[in-house]
Structures are given as structure tokens and as C-alpha cells.
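Structure first, commentary second.
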Amino acid sequence: MRNLDDYPFEIRPLQASEGGGYLISYPDFSECISDGETIEEAILHGRDALAATLEALAAKGFAVPAPNSGGVASGKFVARVPKMIHAQLASRAKSEGVSLNTLVLTFIAEGLGRREHRA
């Protein structure tokens, strides 16, 4: 069993409309979340949820991500954009002789790079 303390977590306050308290999530496990009335309670419940997630993955024979591995991201996601933006992206990709996927990935990477330089 891995050390639960090695896995990073994020905590955010929940709005009253969400029930209040605090939500804890683990970036290495998109499906592992919990909550609590206080930060301490959220951490306690989060550790229980993390332990259960690790046990379930192991019991089913699935790979258990290492701490700080970024989780089980597949590298694929779907994004909805307005039709006009989709048309502009498709036209630009065609004019540059690249796939729409390559063009959008380039824009994302460039945007992330600029943001990291500002921080």
C-alpha cells in the first residue's frame, strides 16, 4: 500500500448552494473527492476516500498512479466551441496545412507557455 501522505490534494470552499463546507480532491485521481464541514474534516474524509480508491483499483487489477503523476489523464477531451470559432479554426488549419487537432494543441501549448512565464 502506498503512503497516503505522498498524494497531493486540493481543498476549496463549497458555496452555500453546494451545501457549504469544504471539498477535497486528488489530482492523481479524478474520481476521488470528499468533503467536510471544516478543512480538517475534509482532509480526514479525503484520506478515507483515497484509501478506498487505492484499494478498489488494486482489487480490480488496475494500475495505481504514483503520487504527483498527474493521474490517469488519457490525453483526450472534448470541448464545445461556437460554430463560428470552429469554422475559423478549421479554415486556419487548412491554410497552414495542418490538422485541426495540431492547430488547437499548438494554441493551447502557446497559451500555457505564456501563462507560465507571467507567474
Side-chain angles (χ1 to χ4, degrees):
M1 177 69 92
R2 298 182 189 268
N3 183 351
L4 300 180
D5 294 330
D6 291 341
Y7 286 97
F9 59 86
E10 298 170 354
I11 293 183
R12 74 168 177 88
L14 291 168
Q15 301 295 319
S17 62
E18 298 174 298
Y22 296 87
L23 178 79
I24 184 170
S25 61
Y26 292 85
D28 294 313
F29 303 92
S30 60
E31 71 282 1
C32 184
I33 62 172
S34 193
D35 65 355
E37 291 298 316
T38 65
I39 291 174
E40 294 77 16
E41 188 176 81
I43 291 171
L44 181 66
H45 293 171
R47 286 179 59 85
D48 291 343
L50 179 58
T53 298
L54 293 174
E55 289 174 23
L57 289 172
K60 292 189 179 270
F62 295 140
V64 175
N68 293 299
S69 66
V72 292
S74 68
K76 178 181 177 181
F77 69 93
V78 176
R80 295 229 176 257
V81 297
K83 289 179 183 180
M84 183 57 128
I85 291 176
H86 187 181
Q88 289 174 326
L89 288 169
S91 176
R92 175 91 174 258
K94 184 176 181 180
S95 73
E96 293 189 17
V98 298
S99 70
L100 179 59
N101 184 68
T102 298
L103 180 73
V104 171
L105 179 58
T106 300
F107 287 161
I108 291 170
E110 287 174 352
L112 288 172
R114 278 194 298 269
R115 185 176 184 134
E116 287 177 2
H117 284 64
R118 278 190 243 150

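One-based numbering along the sequence shown.
Between the side chain of Asp28 and the backbone N or O of Ser69, at least one donor-acceptor pair lies under 3.5 Å. In terms of modelled atom types and a separation under 3.5 Å, the side chain of His45 and the main chain of Asp35 share a donor-acceptor contact.
Clustering of Ile, Leu, Val, Met, Phe, Trp and Tyr side chains at separations under 4.5 Å places Ile33 together with Leu14, Leu23. The hydrophobic cluster analysis finds Leu44 isolated: no Ile, Leu, Val, Met, Phe, Trp or Tyr side chain comes under 4.5 Å of it, directly or through other members.
When every heavy atom of Ile43 is checked against every heavy atom of Ile24, the shortest pair comes out as CA-CD1, 3.9 Å. For Pro8 against Pro27, the heavy-atom pair with the smallest separation is O-CD, 3.3 Å. Scanning all heavy atoms of the two residues, the minimum distance from Thr53 to Cys32 falls at OG1-SG, 3.5 Å.
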Review item, side-chain donor-acceptor pairs of residues 95-102, under 3.5 Å, at least two apart:
{"unit_1": "Ser95", "atom_1": "OG", "unit_2": "Arg92", "atom_2": "O", "d": "2.9"}
{"unit_1": "Glu96", "atom_1": "OE2", "unit_2": "Arg92", "atom_2": "NE", "d": "2.5"}
{"unit_1": "Glu96", "atom_1": "OE2", "unit_2": "Arg92", "atom_2": "NH2", "d": "3.3"}
{"unit_1": "Ser99", "atom_1": "OG", "unit_2": "Thr102", "atom_2": "N", "d": "3.0"}
{"unit_1": "Ser99", "atom_1": "OG", "unit_2": "Thr102", "atom_2": "OG1", "d": "2.9"}

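Proximity of Leu57 to Pro65: side-chain heavy atoms (C-beta onward) are separated by under 4.5 Å at one or more points. Two residues are said to be in side-chain contact when any heavy atoms from C-beta on lie closer than 4.5 Å; Phe9 and Leu50 fail this criterion.
Cluster annotation: Leu4 is connected to Phe62 through the hydrophobic network of ILVMFWY side chains, with a link wherever side-chain heavy atoms come within less than 4.5 Å. With hydrophobic clusters built from ILVMFWY side chains whose heavy atoms lie under 4.5 angstrom apart, Leu112 shares a cluster with Leu89. Put simply, Leu105 and Val81 are part of two different groups of oily side chains (I, L, V, M, F, W, Y) that touch within less than 4.5 Å, one to the next.
Contacts of Tyr26 classified as ring-ring contact (aromatic ring centres under 6.0 Å, His included), with partners at least two apart in sequence or in another chain: none. Glu37 is linked by a side chain to side chain contact (heavy atoms under 4.5 Å, CB included) to Glu41, counting only residues two or more places apart in sequence or in another chain.
Evaluation of the side-chain hydrogen bond (donor to acceptor under 3.5 Å, both in side chains) test over residues 7-25, restricted to residues two or more places apart or in two chains, returns Arg2-Tyr7, Arg12-Glu18.
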